[in-house]
Amino acid sequence: MQKDFKFNPIGIVHSPFKEKFGIPRQPGLAPSAKAVIELLPPFNLAETVLGLPEFSHIWVIFIFHATSERGWSPTVRPPRLGGNKRTGVFATRSTHRPNPIGMSVAELEQVEVENGKVLLHLRNIDLMDGTPVIDIKPYVPYSDSIPNAYADYAANVPEHKLIVSFNEEVEIKLREKPQLKQLIIEILRLDPRPAYRSIKDDANVYGIRIEDVDVKFKIENNAVIVVDL
């Protein structure tokens, strides 16, 4: 059996998420989160995406490039279990895997082919900016959606735990950026803090980078307050 395989990236992700912290932990949790996959040569041909616009969603197979150097562990602590209980790495979608490969389903809004570029416009994503893409496959509802499937600790959609508010100065800054404001709300209401901190208030001011903005927030009385941009 062949022991080693080499994969060349077929594309690169351009997304508002500039760092790992704050990215939704699964796709489908932040409808306002949009991204573009730019196909790389020699794969940036109109022929490679012929027929793809007829599908509403795609599977994106990618590399966990930001965490791959940390290696892997046979057990991990899933956030959905509070970050304290360990389970096998193959029973999770952890980034710390023997091979740092991820998969994500995304809504395909548009396929743009122009001036030698092939761009796939996506939404409802959980992909970090700069992520190398190694394959794209169409989402096929009759086989990819299984009505009687079950998923133990990840059976239900995560609750929107927190109410998000903005101080007056931040509200003013966001008046002309309603889409950015909505994306901030969708991310922060899920509580992006480490799971072991999410069960309590703390005195920390956290920061996440979305697009070109550093969003500073704190948690008080089970609510998020955005204190600075």
Side-chain angles (χ1 to χ4, degrees), residues 1-31 33-74 76 78-80 87-113 117-146 149 151 154 157-158 187:
M1 183 177 70
Q2 184 174 344
K3 294 183 178 180
D4 297 309
F5 297 87
K6 181 179 179 181
F7 297 100
N8 295 314
I10 64 160
I12 191 82
V13 173
H14 304 290
S15 112
F17 303 121
K18 307 304 180 182
E19 56 190 17
K20 183 175 179 291
F21 180 57
I23 298 177
R25 293 188 173 109
Q26 297 293 341
L29 298 179
K34 296 188 177 185
V36 174
I37 295 178
E38 178 181 359
L39 296 190
L40 301 174
F43 313 106
N44 57 332
L45 303 173
E47 292 93 328
T48 64
V49 292
L50 184 64
L52 192 60
E54 307 309 314
F55 292 85
S56 65
H57 294 73
I58 60 172
W59 287 107
V60 182
I61 315 300
F62 60 91
I63 300 296
F64 287 118
H65 69 296
T67 58
S68 59
E69 292 185 357
R70 293 177 58 182
W72 73 285
S73 173
V76 296
R80 291 292 291 273
T87 190
V89 63
F90 297 133
T92 76
R93 296 192 181 188
S94 167
T95 61
H96 307 301
R97 319 189 68 78
N99 295 301
I101 297 172
M103 55 182 285
S104 185
V105 66
E107 182 179 347
L108 180 62
E109 287 195 310
Q110 179 190 0
V111 177
E112 180 182 357
V113 181
K117 288 190 174 183
V118 178
L119 306 175
L120 309 184
H121 295 264
L122 313 177
R123 67 178 298 154
N124 238 329
I125 56 92
D126 62 345
L127 299 169
M128 185 176 175
D129 189 56
T131 293
V133 176
I134 58 174
D135 201 8
I136 294 165
K137 302 180 188 294
Y139 180 91
V140 180
Y142 83 86
S143 63
D144 294 346
S145 177
I146 303 174
V157 177
I187 293 169

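FYI, the numbering just counts along the sequence from 1.
- By the 6.0 Å contact criterion, OH on Tyr142 is open, its count of non-hydrogen atoms from other residues, nucleotides or ligands being 12 or less.
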Side-chain atoms of residues 7-19: list all donor-acceptor pairs with protein atoms under 3.5 Å, sequence neighbours left out, distances to 0.1 Å.
| unit_1 | atom_1 | unit_2 | atom_2 | d |
| --- | --- | --- | --- | --- |
| His14 | NE2 | Glu38 | OE1 | 2.8 |
| Ser15 | OG | Phe17 | N | 3.0 |
| Ser15 | OG | Leu127 | O | 2.7 |
| Ser15 | OG | Asp129 | N | 3.4 |
| Lys18 | NZ | Ser15 | O | 3.1 |
| Glu19 | OE2 | Arg209 | N | 3.2 |

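- For the pair Leu120/Val60, no side-chain contact is recorded, criterion being any heavy-atom separation below 4.5 Å from C-beta on.
- Atoms CD and CG, on Glu109 and Asn124 in that order, are 9.5 Å from each other to the nearest 0.5 Å.
- Residues Ser73 and His96 fail the side-chain proximity criterion, which asks for heavy atoms closer than 4.5 Å.
- For Arg123, the CZ atom sits in a packed shell: over 12 heavy atoms of surrounding residues, nucleotides or ligands are nearer than 6.0 Å.
- Here the straight-line distance linking atom CH2 of Trp72 with atom CZ of Arg70 works out to 15.0 Å at 0.5 Å rounding.
- For the pair Glu112/Val36, no side-chain contact is recorded, criterion being any heavy-atom separation below 4.5 Å from C-beta on.
- Nearest heavy atom pair, residue Ile63 against residue Thr131, reads O-CG2, 3.7 Å.
- Pro53 meets the side chain to side chain contact (heavy atoms under 4.5 Å, CB included) test with Val111; sequence neighbours excluded.
- Rounded to the nearest 0.5 angstrom, Ile134 CD1 and Met103 CE are separated by 11.5 Å.
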Q: Start with the C-alpha gap between Ile58 and Tyr139, add the side-chain angles, then the distance that decides, and say whether side-chain contact (heavy atoms from CB on, under 4.5 Å) holds.
A: CA-CA 5 Å; Ile58 60 172; Tyr139 180 91; 5.8 Å; no
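- For the residue pair Ile23 and Met128, the shortest heavy atom distance occurs at CD1-CB, 3.6 Å.
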